[in-house]
Amino acid sequence: MTYNFNTIEKKWQDYWAKNQTFKAENNSDKPKYYVLDMFPYPSGAGLHVGHPLGYIATDIYARYKRHKGFNVLHPQGYDSFGLPAEQYAIQTGQHPAITTETNIATYRRQLDKIGFSFDWSREVRTSNPEYYKWTQWIFIQLFESWYNYDNNKAEPIETLVVKFAAEGNANINAACDDTIEAFSAEEWNQFSSEKQQGILLQYRLTYLAETEVNWCPALGTVLANDEIVNGVSERGGHPVVRKKMTQWSMRISAFAERLLQGLETIDWTDSLKESQRNWIGKSVGASVTFNVNGHDEVIEVFTTRPDTIFGVSFMTLAPEHDLVSKIVTDDQKEAVNNYIEATAKRSERERMADVKTISGVFTGAYVEHPFSKEPIPIWIGDYVLASYGTGAVMAVPCGDQRDYDFAKHFNIEIPNIFEGVDISEEAFADKEATIIANSHFLNGLNYKDATKKVIEQLEALGQGNGKTNYRLRDAVFSRQRYWGEPFPVYYVNGMPQMIDQAHLPITLPEVEKYLPTETGEPPLGRADVWAWCTETNTVVSNGNINNTTVFPLELNTMPGWAGSSWYFFRYMEEAAKRGEAFASEEALKYWENVDLYIGGSEHATGHLLYARFWTKFLKDRGYVGVEEPFKKLINQGMILGTSAFVYRVEGENKFLSKGLIEGQKVQPIHSDVSFVNASDELDVEAFKNWREEFKDAEFVLEDGVYKVGREVEKMSKSKYNVVNPDNICEEYGADSLRLYEMFLGPLEQAKPWNTAGITGVHGFLKKLWKLFLENDALKVTDSEATKDNLKTLHKTIKKVEEDIENFSFNTSVSTFMIAVNELTAQKCTSKAVLEPLLVLISPYAPHIAEELWSQLGNEGSISTAAFPVFDEKHLVESSKNYPISFNGKMRFTLELPLDMSKEDIEKTVMAHEKTQEQLQGRTPKKVIIVHGKIVNIVG
RNA sequence: GCUGAAGUGGUGGAAUUGGUAGACACGUUGGACUUAAAAUCCAAUGAACAUUAGUUCGUGCGGGUUCAAGUCCCGCCUUCAGUACCA
């Protein structure tokens with residue numbers, strides 16, 4: 001029997017499925033290990049060879065951990081709500097649930113072919129009502145919570161109500177909206193229930209707020225910042241405008257400091273932690289209020305340099321700032337309005353693109369400097385962003401380059417408050433080298449002391465205090481879409497009410513069309529049965545709405561990140577026990593969190609931040625036991641496509657082979673990569689038959705063949721460089737695919753796919769097979785292993801184990817090749833060597849390993865066989881082939897015993913004829929001998 | 001601009017603590033087997049020079065440290081990814 005991979009792979013995939021080989025146990029004496037892939041969205045296009053890269057890596061690790069005696073949880077499921085299925089529904093009218101089902105079936109079929117050791121019994125789908133019941137449940141918990149900064153914890157809203165009733169809100173240290181009115185306990189107790197609810201909504205961890213959002217008219221939806229690329233929607237490329245809307249928001253900003261600090265405790269790459277740090281954007285400084293002259297208004301600013309307060313020579317407000325219209329003088333009104341109008345017209349993109357153009361207008365109004373009491377002019381300028389800080393800046397041109405440029409441009413005074421610094425050319429922003437001057441009580445102080453002192457003085461005046469600001473904004477949680485989780489919310493007099501958790505899930509209603517309504521309401525506005533009856537606690541027809549017992553339901557749905565922010569906890573529970581809770585306490589306690597998480601870096605500031613946020617929240621409320629969801633995280637690099645090009649002579653239907661194009665006017669055209677062989681030769685007939693326009697084309701060959709050009713690009717349909725894993729499995733087998741994906745290069749690095757190279761790993765598997773079987777006969781015997789056999793085996797064990805622990809899977813594939821090459825050369829037939837070798841290989845190439853394992857007479861699966869133990873004694877050498885270098889250049893090698901002393905090595909080397917030949921009579925200045933490593937002769 | 005990652009043969013890449021640069025593969029060339037092809041096996045393969053022995057150069061560029069640098073230090077260049085006027 002030859003290596004018939006198709007038969008073998010099918011056989012073992014069926015065996016694993018039938019025997020539930022990879023089912024994880026929730027009760028086990030073994031230590032637990034939880035390996036997770038980032039949640040896939042089942043797209044209609046199916047998998048290409050880039051997708052399984054991370055899955056293969058986690059699968060190898062999961063299988064390795066099983067060999068090492070761990071109880072491994074390695075689940076898979078689908079993030080199955082999402083826009084593509086909805087877009088397809090809009091176009092075709094097909095219900096997104098059906099599209100999703102079909103796509104999942106395709107995904108599953110493709111995944112199964114690759115031989116993953118997933119525990120499919122724990123599969124989850126975010127669009128399944130049994131799953132989103134608990135997404136809705138978590139939403140309710142967020143609504144019923146507030147964030148207490150005194151103990152840095154999310155607490156039940158009842159504890160806040162108790163505080164309000166007892167002491168009002170003056171001393172409450174909570175995460176809340178900026179526009180909170182102060183009230184006493186007496187006032188609170190006299191407020192109407194509606195007013196109380198309105199106030200509480202300003203404190204809840206999920207709340208309704210009027211927010212300026214990115215509205216996409218074409219999609220009829222709001223997009224998050226990370227869903228917009230270059231000012232247009234990421235999916236579809238439609239234009240996006242700013243608009244105010246009432247939206248559900250998540251108070252993630254309350255957790256900013258913990259999200260930042262938590263990074264210190266987890267094993268993620270520095271680049272990933274850095275991007276989360278930047279995203280959170282902590283800056284420490286002070287809040288300062290300036291009184292507006294002749295008005296009862298104040299301008300609050302945030303500054304990281306309160307020490308430079310005497311350098312303020314103007315204020316800048318964002319054009320959108322609320323105060324602008326109130327304070328502008330009659331003289332300046334026209335200019336200001338014109339400017340505001342002009343900036344509003346410019347898209348965000350334009351504003352971003354031209355950073356260099358300085359623009360702004362004087363409002364005519366002044367503030368009073370808190371210390372000098374001098375008047376300071378108030379300007380507006382679009383370099384100040386309404387969405388950061390307070391939307392206002394105290395401009396210190398001598399210490400900030402943007403303020404400096406603005407001042408220069410408008411001829412505003414630039415007072416110098418730094419000792420011994422020249423600011424005639426540019427601003428001076430170096431905190432460390434700062435000594436303050438011309439600043440009254442701050443003179444002579446450094447940055448640190450001046451900052452401390454000025455904050456004291458500001459506090460004494462009641463015009464400021466030390467403050468920490470975060471860039472992290474609260475996250476908008478409403479989507480104007482159909483294919484997402486419905487909110488468990490109905491409205492009484494415009495106030496949102498939670499549906500009791502006993503009545504969950506609230507399932508998606510049917511609609512006849514998946515578009516927004518004609519009046520601009522979300523698609524759920526088209527549902528006829530979408531009202532909540534508080535008597536029967538059911539969803540009823542809209543006709544019954546009377547606003548006394550039957551109320552309208554929320555029309556928005558939740559965003560994609562809702563379901564993916566907690567799915568890793570759902571996998572911990574066995575499918576049969578998922579009815580009672582999102583996961584049982586025992587299951588959560590046993591599995592704790594994800595030990596290894598692998599996925600793409602595109603989730604750095606979206607999913608990975610939200611999932612950490614929800615985990616912290618659930619921990620505070622006592623629902624889970626861990627502060628962080630993912631202990632170790634690795635980003636896999638993208639697999640790129642190797643596109644093929646043919647060259648058409650301009651204006652003719654004639655194609656020149658790659659070597660003939662120099663000096664010719666040719667147009668490169670993508671050819672489908674399947675028409676090209678490993679030697680870059682085009683199958684001209686296949687290409688001609690590809691499209692009508694090429695049918696009669698003329699091909700100019702070189703050396704009898706047509707050579708294509710190659711270029712590395714992103715793998716995509718439009719570039720005709722997509723390679724489908726199904727075809728690879730057909731032709732070479734899943735084991736070859738798995739090995740080759742790993743062999744391509746380091747996991748975290750981007751690398752091009754080139755199918756031609758797969759013959760290398762495929763040939764390796766054939767050689768491995770031949771080591772065990774020849775002409776159907778088992779070659780393996782009980783013969784004693786030779787010293788060389790054992791040496792090969794043990795150096796392989798050592799290297800492979802180190803490689804897996806370091807996620808260096810590419811180098812272990814080479815190690816296997818070397819081992820098999822050596823054992824073949826040694827004509828090894830010893831079971832004592834070949835059987836452990838199979839266990840080493842089985843995480844990488846599980847099908848062939850299972851087959852040979854059973855051919856050796858073993859019962860059951862190889863997957864839980866113990867990992868071979870490395871024994872140093874087989875690698876002990878008695879001699880070393882020393883490289884002998886002269887002035888650092890290796891000239892020859894010399895085999896010497898390892899126990900030879902340095903003196904004897906020197907003597908032997910010096911006496912050697914080749915040494916004398918190299919020295920040509922010179923006497924070396926120095927001879928360096930590093931024992932067991934190298935000899936270097938200097939001179 | 002900032003942050004992060006990376007630059008090594010024709011190609012993917014290896015070199016784990018500074019110690020024989022190019023492991024392992026692909027491709028290419030030559031050979032064996034075959035009517036032929038495929039498959040398989042053997043040999044060569046960084047560049048230049050040299051009949052051979054061998055010599056010189058060589059890890060993006062320029063310096064430096066060291067007996068010894070792909071690896072460490074300083075200064076640049078290029079590519080990729082993320083982010084974007086953050087006060």
Side-chain angles (χ1 to χ4, degrees), chain A residues 2 225-226 269-275 277-279 281-283 285 301-305 308 316 351-356 358 381-385 387-396 399-403 405-406 469-471 600-602 604-605 635 637-638 640 642 678-680 710 712 739-740 743-746 748-761 763-764 766-767 770 799 802-803 806 808 810-818 821 881-893 917 924-930 932-939:
Chain A
T2 53
N225 281 329
D226 44 322
T269 58
D270 287 338
S271 63
L272 221 132
K273 288 187 186 182
E274 195 59 30
S275 42
R277 275 187 208 110
N278 289 342
W279 194 261
K282 180 180 184 176
S283 39
V301 301
F302 172 76
T303 176
T304 54
R305 296 298 303 273
T308 64
T316 317
R351 266 172 81 166
M352 262 161 27
D354 100 284
V355 181
K356 296 216 171 71
I358 295 161
D382 68 2
Y383 80 96
V384 177
L385 304 178
S387 59
Y388 181 75
T390 60
V393 171
M394 63 171 227
V396 182
D400 181 285
Q401 195 58 43
R402 284 158 316 185
D403 295 344
D405 295 340
F406 194 88
N469 219 31
Y470 298 91
R471 195 177 79 104
S601 56
E602 67 273 19
T605 49
N635 287 131
M638 204 191 310
L640 305 164
T642 309
S679 310
D680 294 347
R710 290 288 199 173
V712 172
L739 282 174
Y740 190 51
F743 188 64
L744 279 181
E748 298 173 58
Q749 219 167 283
K751 57 240 158 197
W753 177 271
N754 188 354
T755 305
I758 202 169
T759 54
V761 292
F764 155 74
K766 287 190 198 165
K767 279 190 218 165
K770 276 201 210 156
K799 175 84 172 125
E802 281 169 5
D803 284 346
N806 293 321
S808 173
N810 55 324
T811 49
S812 30
V813 179
S814 315
T815 306
F816 292 138
M817 290 174 171
I818 294 168
N821 289 347
N881 194 20
Y882 278 94
I884 313 297
S885 6
F886 293 81
N887 297 317
K889 281 176 193 162
M890 204 281 286
R891 289 304 178 211
F892 61 95
T893 58
E917 203 176 293
K925 286 194 197 116
K926 214 172 174 188
V927 178
I928 292 182
I929 295 163
V930 182
K933 284 251 162 91
I934 199 168
V935 176
N936 191 13
I937 297 163
V938 187

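Proteins get letters first, then strands, A, B, ... in listed order; numbering begins at 1 in each.
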Exercise for review: Give RNA chain B the dot-bracket treatment, 5' to 3': Watson-Crick (N1-N3 with N6-O4 or O6-N4) or G-U (N1-O2, O6-N3) under 3.5 Å, [ ] crossing, | other strand.
Suggested key: (((((((..(((......[....)))((((((.......))))))((((....))))..(((((..]....))))))))))))....
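Regarding contacts with the backbone of B/C57, a side-chain N or O of A/Lys889 is found under 4.0 angstrom from either OP1 or OP2. Proximity of A/Lys766 to the phosphate of B/A39: no side-chain N or O atom is located under 4.0 Å from OP1 or OP2. For the OP1/OP2 pair of B/U56 and a distance below 4.0 Å, the side-chain nitrogens and oxygens of A/Arg891 include at least one atom meeting the criterion. Close to B/A23, at under 4.0 Å from its OP1 or OP2, lies no side-chain N or O of A/Asn821.
B/U16 and B/C26 are spaced 25 Å apart, taking the C1' atom of each and rounding to whole Å.
Under the salt bridge (charged side-chain N to carboxylate O under 4.0 Å, His left out) criterion, A/Asp403 pairs with no residue, sequence neighbours left out.
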Review point. In the 5'-to-3' direction, what one-character label does each nucleotide of nucleotides 9-20 of chain B receive under the scheme B = base within less than 4.0 Å of a protein heavy atom, S = sugar-phosphate only, - = no such atom?
Key: ---BSS-B--BB
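Remark: C1' of B/A84 and OH of A/Tyr388 are 13 Å apart, rounded to the nearest angstrom. Following rounding to the nearest Å, A/Glu274 (CD) and B/U3 (C1') show an atom-to-atom distance of 6 Å.
Counting non-hydrogen atoms under 4.0 angstrom, A/Thr759 reaches the backbone sugars and phosphates but no base. Using a 4.0 Å heavy-atom distance criterion, A/Lys925 is classed as making no nucleic acid contact.
Taking the six-membered ring where the residue is Trp, A/Phe302 and A/Tyr388 present perpendicular rings, their angle passing 60° and hence far from 30°. Under the 30°/60° scheme for interplanar angles, the aromatic rings of A/Phe816 and A/Phe764 are found to lie parallel.
With its glycosidic angle more than 90° from 0, B/G7 is assigned anti.
A/Asp803 and A/Thr811 share a donor-acceptor pair across their side chains, judged by distance under 3.5 Å alone.
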